[in-house]
Amino acid sequence: MKKRIYIARRIPQAAVDLIAQHCDYGYWDRLEPCPREVFLAEAAQSDAVITQSVSEKIDFEFLEAAPRCKVIAQMAVGYDNVDVPACTARGVLLTNTPDVLTESTADAAWALLMAAARRVVSGHTLIQEGRWGMWHPFFQLSQDVYGTTLGIIGAGRIGGAIARRGKGFGMNILYHNRRPASELEAVLGAQYRAFDDLLREADFVVMAAPLTAQTRGLFGAREFALMKDTAVFVNIARGAVMQEKALYEALKAGRPWAAGSDVYEVEPTPASNPLFTLDNFVGTPHVGSATPRTRLAMATLAARNAIAVLSGQPAITPVN
Ligand code: DGY
C-alpha cells in the first residue's frame with residue numbers, strides 16, 4: 001500500500017508534485033489554516049504530515065488522534081509548536097527546514113536593523129503626511145550602522161549569517177550563545193560576551209535564538225534598561241522571547257533608542273498593538289523567510305524529508 005502524506009496548508013506546487021510522484025496525499029489547498037478537527041482527522045489516516053510552525057500544534061491530543069502518523073515534516077526551522085519529547089517517546093520523527101531559509105531570514109533581520117536605525121518608516125510616513133518641513137541640521141537624526149558594534153543572541157545558522165553581513169558594515173561582532181561559536185570567532189573575529197555584558201556593549205542587539213523554556217520572556221524591563229540609550233533592538237526569533245509591554249515602555253522612555261521586530265506575542269498582532277503607535281518601532285508581519293525562492297526550498301525540503309522517511313531512508317534534516 002502506498003504511504004499517505006497530509007499537507008496541512010497550500011505550499012508551492014513543485015513540492016506537491018514531488019509528493020504525488022511518491023505517495024498518496026491529502027491536501028488543504030488553501031491559504032488559511034486547516035481547522036483543527038480536519039487536521040486531526042486527516043492526520044489519523046496519514047503516515048506523515050507537512051506542517052507550519054505558526055498553525056499546527058503537535059501535542060498530546062494530536063499524537064493520541066493520529067497513531068498512524070510517524071513523521072512530522074515541518075516547513076519551518078522553528079518547532080516551538082511541537083512537543084518534541086512526546087513525539088520522541090512515541091517514535092514519531094520530527095524534521096524541520098534549516099539552512100534553506102538562513103540567508104533570507106538574515107536579510108530580513110538586516111532590513112529591520114537598517115530601517116529602525118535610519119528611521120526609514122518614520123521618514124516615509126512624515127512625507128506621506130505632508131510633515132516634511134524645511135531641512136535643518138537636526139532633522140530626522142538617526143543612528144550610524146557602519147563601524148558600530150553588533151551583538152547577536154543565538155549564534156547559530158541565522159545568527160551567524162546576520163553577523164557575516166555585519167562584517168561588510170565594518171562592525172565589531174559580539175555574540176552570546178549556549179556553545180562557543182568557534183567558526184564565527186575564527187572567521188569574523190567575533191567575541192563571546194556574557195548576556196548582560198553584550199546588552200551593555202552592543203549598539204545593535206539582535207535576537208536570533210529559538211524560543212525555549214530558557215528564552216521565553218528573556219527580554220523584559222531589566223534587559224532593555226541594560227541597553228544603551230542609542231541602541232537598536234531587533235527580534236527575528238519568536239514574539240514570546242520579548243515582553244511586548246516592557247518593550248513598549250522602554251521605547252517610550254528612549255532606551256533602547258529604537259526596535260524592529262518580525263514576530264509578536266500573539267500573531268497576527270492586532271493593529272491596536274501599542275508598539276505600532278511609536279515612531280521608534282518598526283514591525284514586519286513574520287516574513288523572515290518570505291521570498292519565493294526560499295519558500296520553494298522550504299516546501300521541497302519538507303516534502304523530501306517526509307518521502308525519505310516513508311521510503312525507509314534517513315531524514316535529511318531530523319530534529320529528534
Ligand atoms: C520558521 O521557519 O521558523 C519561521 O519562523 C516560519 O515559521
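Note that ligands are numbered from 1 as they come in the structure, with each ligand's atoms numbered from 1 the same way. Side chains included, hydrogens not; waters and symmetry mates left out as well; all remaining heavy atoms used.
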Original post:
Taking only residues two or more places apart in sequence, or in another chain, which ones meet Phe169 in a ring pair (Phe, Tyr, Trp, His ring centres under 6.0 Å)?
Top reply: Trp110
Subject >> Connected hydrophobic set around Leu141, excluding itself, where side chains approach under 4.5 Å >> reply: Phe138
Subject >> Ring centroid separation Phe224 to Tyr248 under 6.0 Å >> reply: no
Subject >> Which residues share a ring pair (Phe, Tyr, Trp, His ring centres under 6.0 Å) with Tyr6, sequence neighbours left out >> reply: none
**OP:** Check for a donor-acceptor pair, side chain of Arg68 on one end and backbone N or O of Ala44 on the other, with a separation under 3.5 Å.
**Re:** no
Original post:
Has the side chain of Lys70 got a donor or acceptor atom that lies under 3.5 Å from a matching backbone atom of Val92?
Top reply: no
**OP:** Kindly tell me which protein residues have any non-hydrogen atom under 4.0 angstrom away from an atom of ligand 1, grouped by chain and ordered by number?
**Re:** Ser53, Ala76, Val77, Gly78, Leu101, Arg238, His286
